[in-house]
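I have placed the structure first, in the form of structure tokens, so that the comments after it can refer back to it.
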Amino acid sequence: MDRQLKRNTPKRKTSILSYWTLRYFLILCIGFTIIVAGALYWIRTTSIEKGLKTAQLLGLEIADKVTGTEDNLYIPPDLDRLVDKRTKLFNTDNYFCIMVLDNDNQLIYSKPKMTQQDVYYRLSDDLSEPRNKKFAGVTVNVTDDDQTLGKVWVMQSKKSIAYNPETMLVVCILFVALILCGWFTIYLLSRKLSRPIRQVAHAAEQIRNGNYEVNLDLNTREREMNELVESFREMSIRLQQLEEWRALSLAGVTHELKTPVTSIKGLVMAVRDDIVSPEEAKEFLDIALKESERMERMVADLLDYNAMSAGGVAVRRERIDLNLLVGEIIYQWKIAYEDKSPEIELHTPSGTLYTIGDALRIQQIIVNLLNNGLQAASDQATVFHIRLRAEADNLFVDVQDNGTGITKEDQPKIFERFYRGEIKKRRTRGLGLGLTYSRLLARAQGGDLTLTSSSPEGSLFSLKLPRWSGPEKPQVEPSYRTTANA
């Protein structure tokens, strides 16, 4: 249990400025430490190589000054002065020394003054190399007529050759300066980026608390940050509009559902209290029945829309003969509205058009368009023109009515949920979900529903459906009468 509680403990939060500056500073220190270590190794190797070459030149010069016979070496009197002058070019320390040995490895000259025992202390047992690995040395033979008379040793510590104090100081200054410059750069960058993000986060908190009137007065030079701020500003405006629209829509839905309930209640109470005659009571009950049917349709529309929005409506994908399906839909719809005698002219191209979709959902879309057209043409004879056409990989069902049309102000909003134009509000009651739900159904089948045109002479809606790309003729010709009645 303790382990589980420890695992669920939230991590301590930190700001972008602290997070990135601290981590970038550590990365800089590690990176530059590696670079400086490599640079120091290269400087050390190069300096030792150059120092030994310089020491070899000094040894050659001393060997030229030293002369002698077959058994003896002669040290010129001015050799000390020459050595003092040349050693000023070296970074000498207590370990720097120059030794001249004869063929018997006896010390003839040294600088500084040394004994034969010191020679054995500094050189290996065979006197061929320095005894301590911390020292470096070069030897130059003293010759006369191609005869070796002795050798000159120039020895110094590797530390004095490799690490020049001035060089080390410059490297350290550059190391610190680069780290500080890099850290200061990321600090300024993080600070510049965190400022608009903090303001956007503060604005988001205000929106979460219900305050949509946020002020984001930011104008940075970075295009991405400007796009972020502008998108958030537009989002806050859109959320404010949606919140206002939601409140109005909720009030409208409540009113539309409350109206039939109030009407039914008043009619039933009138019948119960014997306020009306038996003939009027029957008429009142018929009106109440119609009102209840209207309310039932509105509730069904609301439930269908919520189910579709939540992905709870299954959409089948079957091969459908669109000519046959539309003909069945028109036949059944005309029977349901036989009392209003609507006229429908169906225009189909030659040949069979096959689509892929759900016959029941296609019926719901077309029936909703026909019902809307019937409501819009309630004061005159209703005439519909339904045209089927094919374009590339899509099929279209165009539904043209002779209603009063849709105003230009309402056209961009007719597919929004709960939206109803002023003219439609006065004519019929409803929730404004029919076209919204129909478009959702069309898009769920890979198509779309659009308003092509609208004028006082009528409106034209186009239902786009995907075209079947399989064999031209199915094995069995389906009948959609049962499906359409489902």
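The figures here come from the full heavy-atom set of this structure, side chains too, leaving out hydrogens, waters and symmetry mates. Just so you know, residue 1 is the first one in the sequence shown, and it goes up from there.
Formation of a donor-acceptor pair under 3.5 Å by the R439 side chain with backbone atoms of L449 is found in this model. N132 contributes a side-chain N or O that, together with a main-chain N or O of K134, makes up a donor-acceptor pair within less than 3.5 Å. For R131 (side chain) and Y120 (main-chain N/O), a donor-acceptor pair under 3.5 Å exists by modelled atom type. Counting only distance, with no hydrogens or angles, the side chain of D118 and the backbone of T115 share a donor-acceptor pair below 3.5 Å.
The only member of L322, N394, I320 that meets side chain to side chain contact (heavy atoms under 4.5 Å, CB included) when paired with L465 is L322. If you run side chain to side chain contact (heavy atoms under 4.5 Å, CB included) between V142 and each of T148, L73, D102, only L73 comes through. None of L52, T54, V152 except one satisfies the side chain to side chain contact (heavy atoms under 4.5 Å, CB included) rule with V138; the exception is L52.
A pairwise comparison of heavy atoms in L395 and A390 identifies CD2-CB, 3.5 Å as the closest pair. Here the shortest heavy-atom pairing between L58 and I98 reads CD2-CD1, 3.8 Å. Shown here for Q156 and A55, the closest heavy-atom pair between the two residues is NE2-CB, 3.8 Å.
Taking CG of D64 as the reference point, atom OG1 of T143 lies at 8.0 Å (rounded to 0.5 Å). Between the CD1 atom of I30 and the CD1 atom of I35 there is a distance of 12.0 Å, given to the nearest 0.5 Å. Atom CG of L60 is separated from atom CG of N141 by 10.0 Å, given to the nearest 0.5 angstrom. Rounded to the nearest 0.5 Å, atoms CD1 (I356) and CZ (R319) are 8.0 Å apart. Interatomic distance, CZ of F461 versus OG1 of T452, reported as 8.5 Å (0.5 Å rounding).
Every ring pair (Phe, Tyr, Trp, His ring centres under 6.0 Å) that F135 has, sequence neighbours left out, goes to Y95.
Residues Q445 and I365 are in side-chain contact: their nearest non-hydrogen atoms beyond the backbone lie under 4.5 Å apart. Looking at V397 and I386, their side chains come closer than 4.5 Å, going by heavy atoms from C-beta outward. Residues P349 and L388 form a side-chain contact, since some pair of their non-hydrogen atoms from C-beta on lies under 4.5 Å apart. Side-chain contact check for V140 versus I62: every heavy-atom pair is 4.5 Å or farther apart. Two residues are said to be in side-chain contact when any heavy atoms from C-beta on lie closer than 4.5 Å; W153 and S110 fail this criterion. Within the 4.5 Å cutoff, the side chain of V399 has no heavy atoms near those of the L463 side chain. When side chains are defined from C-beta on, T355 does not count as touching W468, because their heavy atoms never get closer than 4.5 Å. Put simply, the side chain of M155 reaches to within 4.5 Å of the side chain of C97, judged on heavy atoms.
Atom CZ of R387 has 12 or fewer heavy atoms from other residues, nucleotides or ligands within 6.0 Å. Counting non-hydrogen atoms of neighbouring residues, nucleotides and ligands closer than 6.0 angstrom, the CG atom of D84 exceeds 12 such neighbours.
Under a 4.0 Å N-O distance rule, the pair K65/E61 does not qualify as a salt bridge. For R317 and D358, the salt-bridge test fails: no basic side-chain N is under 4.0 Å from an acidic carboxylate O.
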Query raised in the report: Please walk me through it: do D321 and Y354 pass side-chain contact (heavy atoms from CB on, under 4.5 Å)?
Result: CA-CA 5 Å; D321 186 337; Y354 290 105; 4.0 Å; yes

Query - Derivation of the side-chain contact (heavy atoms from CB on, under 4.5 Å) call for L325 and I366 - result: CA-CA 11 Å; L325 175 62; I366 296 177; over 6 Å; no

Report task. Test side-chain contact (heavy atoms from CB on, under 4.5 Å) on M99 and L123 and set out the steps. Result -> CA-CA 11 Å; M99 298 179 294; L123 298 178; 4.2 Å; yes

Query raised in the report: Which is it for V119 and N105 under the side-chain contact (heavy atoms from CB on, under 4.5 Å) test, yes or no, and what are the steps along the way?
Result: CA-CA 9 Å; V119 175; N105 292 321; over 6 Å; no

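There is a side-chain donor-acceptor pair under 3.5 Å between N368 and S438.
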